[in-house]
Student: 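First the structure, which I've put down as structure tokens, then a few questions once you've had a look.
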Amino acid sequence: MFSSPVFQMLERSLDGTALKQKAISDNIANINTPNYKAKNVEFHSKLQESLLAYRTESRHLDFSSGPMSGYSVTTSNSTEINNNGNNVDLDEQMSELAKNQIMNQAIVQQLNGKFNSIQMVIKGGRA
């Protein structure tokens with residue numbers, strides 16, 4: 001039941017938001033560290049790819065290029081915000097943090113909905 005594609009996608013999405021949260025926290029913690037370069041986690045594009053369509057029957061065409069795999073963590077070496085070689089922009093990081101929190105809350109709400117549906121079925125439709 002919990003190994004369904006929907007639960008797996010939601011689980012991977014939560015893993016992605018947790019990794020992005022860690023990267024943002026690291027960036028903010030190192031805002032004054034000389035020569036520190038900001039990290040970014042990219043998982044939204046992989047999530048969007050996985051949401052396009054998935055097979056529910058083995059005879060259906062495969063719409064995806066494969067399962068949503070790991071997340072790419074990149075370091076931006078091309079910019080410099082501070083004179084000490086650091087490129088962490090606090091406003092950008094706070095914006096990314098807010099977007100990531102909204103995404104995380106949306107995923108948790110989806111999981112809660114799935115669990116509530118399962119609970120309703122277990123109880124036989126009674127509240």
Side-chain angles (χ1 to χ4, degrees):
M1 176 179 348
F2 297 115
S3 62
S4 75
V6 174
F7 276 107
Q8 290 176 355
M9 181 189 61
L10 291 171
E11 179 183 2
R12 288 187 196 122
S13 298
L14 282 177
D15 290 343
T17 59
L19 185 59
K20 187 158 181 89
Q21 176 76 22
K22 183 178 179 341
I24 293 168
S25 298
D26 288 349
N27 291 342
I28 292 172
N30 287 294
I31 197 163
N32 292 320
T33 303
N35 298 316
Y36 179 83
K37 301 301 181 190
K39 296 177 186 143
N40 186 34
V41 175
E42 182 59 44
F43 73 95
H44 294 288
S45 61
K46 291 186 183 289
L47 176 62
Q48 290 299 334
E49 285 175 18
S50 71
L51 288 176
L52 292 177
Y54 65 92
R55 291 191 317 184
T56 56
E57 167 64 44
S58 62
R59 294 175 290 177
H60 292 172
L61 293 174
D62 189 7
F63 292 99
S64 66
S65 58
M68 193 171 83
S69 60
Y71 314 100
S72 61
V73 180
T74 58
T75 303
S76 175
N77 293 318
S78 61
T79 60
E80 208 174 287
I81 302 294
N82 299 325
N83 291 335
N84 62 0
N86 188 310
N87 70 348
V88 177
D89 181 358
L90 183 60
D91 292 333
E92 180 183 338
Q93 295 301 312
M94 296 306 287
S95 172
E96 289 296 317
L97 180 65
K99 286 193 284 188
N100 194 53
Q101 288 173 335
I102 291 168
M103 174 70 114
N104 186 279
Q105 289 172 353
I107 295 166
V108 169
Q109 286 177 350
Q110 288 294 316
L111 273 172
N112 283 337
K114 294 291 180 193
F115 287 131
N116 287 338
S117 297
I118 291 170
Q119 186 178 24
M120 181 77 75
V121 169
I122 290 171
K123 290 182 176 182
R126 290 171 286 189

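Please read these numbers as outputs of a predicted model, since none were measured by experiment. Quick note: numbers below take in every heavy atom, side chains included, and nothing from hydrogens, waters or symmetry partners. Index from 1, following the sequence.
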Student: Nearest heavy-atom pair of Asn27 and Lys37: which atoms, and what distance?
Tutor: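 Scanning both residues completely, I find the closest heavy atoms to be OD1-O, 4.5 Å.
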Student: Answer yes if Val73 and Tyr36 sit in the same cluster of Ile, Leu, Val, Met, Phe, Trp and Tyr residues linked by side chain heavy atoms under 4.5 Å apart, and no otherwise.
Tutor: no
Student: Just checking, is any N or O donor in the side chain of Asn40 or Lys20 under 3.5 Å from an acceptor N or O on the other one?
Tutor: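 Yes.
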Student: Do Val121 and Leu111 sit in one hydrophobic cluster, given that two such residues count as connected whenever their side-chain heavy atoms are within less than 4.5 Å of each other, even indirectly?
Tutor: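 No, Val121 does not connect to Leu111 through the hydrophobic network.
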Student: Around Asn112, counting heavy atoms of other residues, nucleotides and ligands shown, do more than 12 lie under 6.0 Å from its CG?
Tutor: yes
Student: So how far is it from Ser25 OG to Lys39 NZ, rounded to the nearest 0.5 Å?
Tutor: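 Reported value, rounded in 0.5 Å steps: 11.0 Å.
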Student: For the CG atom of Asn86 and the CG atom of Asn35, what is their distance to the nearest 0.5 Å?
Tutor: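 Reported to 0.5 Å precision, the distance equals 8.0 Å.
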Student: Report yes or no: does Asn87 contribute a side-chain atom to a donor-acceptor pair with the main-chain N or O of Ser76 at less than 3.5 Å?
Tutor: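 Looks like yes, one N/O pair under 3.5 Å.
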Student: Nearest 0.5 Å, what's the CD-OG1 distance between Gln105 and Thr17?
Tutor: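 Going from CD on Gln105 over to OG1 on Thr17, the span is 10.5 Å.
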Student: Say you draw a straight line from CZ of Arg12 to CD1 of Ile107; how long is it, rounded to the nearest 0.5 Å?
Tutor: 13.0 Å
Student: Nearest 0.5 Å please: distance from the CD atom of Glu96 over to the CG atom of Asp91.
Tutor: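 The CG atom of Asp91 is 12.0 Å from CD of Glu96, to the nearest 0.5 Å.
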Student: Would a distance-only check, ignoring hydrogens and angles, find a side-chain to backbone donor-acceptor pair under 3.5 Å from Ser13 to Met9?
Tutor: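 Such a contact is found between Ser13 side chain and Met9 backbone.
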Student: At their closest point, which heavy atom of Val41 faces which heavy atom of Gly16, and how far apart are they?
Tutor: CG1-O, 4.4 Å
Student: Hey, what do you get for CD1 (Ile122) to CD (Gln119), rounding to the nearest 0.5 Å?
Tutor: 7.5 Å
Student: State whether the number of non-hydrogen atoms from other residues, nucleotides or ligands found under 6.0 Å of Asn83 atom CG is greater than 12.
Tutor: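 For Asn83, atom CG is not crowded (no more than 12 foreign heavy atoms under 6.0 Å).
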Student: Out of Leu19, Val88, Leu97, which residue meets the side chain to side chain contact (heavy atoms under 4.5 Å, CB included) rule with Ile24?
Tutor: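 Running side chain to side chain contact (heavy atoms under 4.5 Å, CB included) over Leu19, Val88, Leu97 with Ile24 returns exactly one hit, Leu97.
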Student: Taking Ile118 as the starting point, is it possible to reach Leu10 by hopping between hydrophobic residues whose side chains are less than 4.5 Å apart?
Tutor: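 Both belong to a single hydrophobic cluster.
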Student: Hey, is the main chain of Asn100 close enough, under 3.5 Å, to the side chain of Asn104 for a donor-acceptor pair?
Tutor: no
Student: Please check this pair: side chain of Asn30 against backbone of Asp26, looking for a donor-acceptor N/O pair closer than 3.5 Å.
Tutor: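 Flag set: sc Asn30 to bb Asp26 pair under 3.5 Å.
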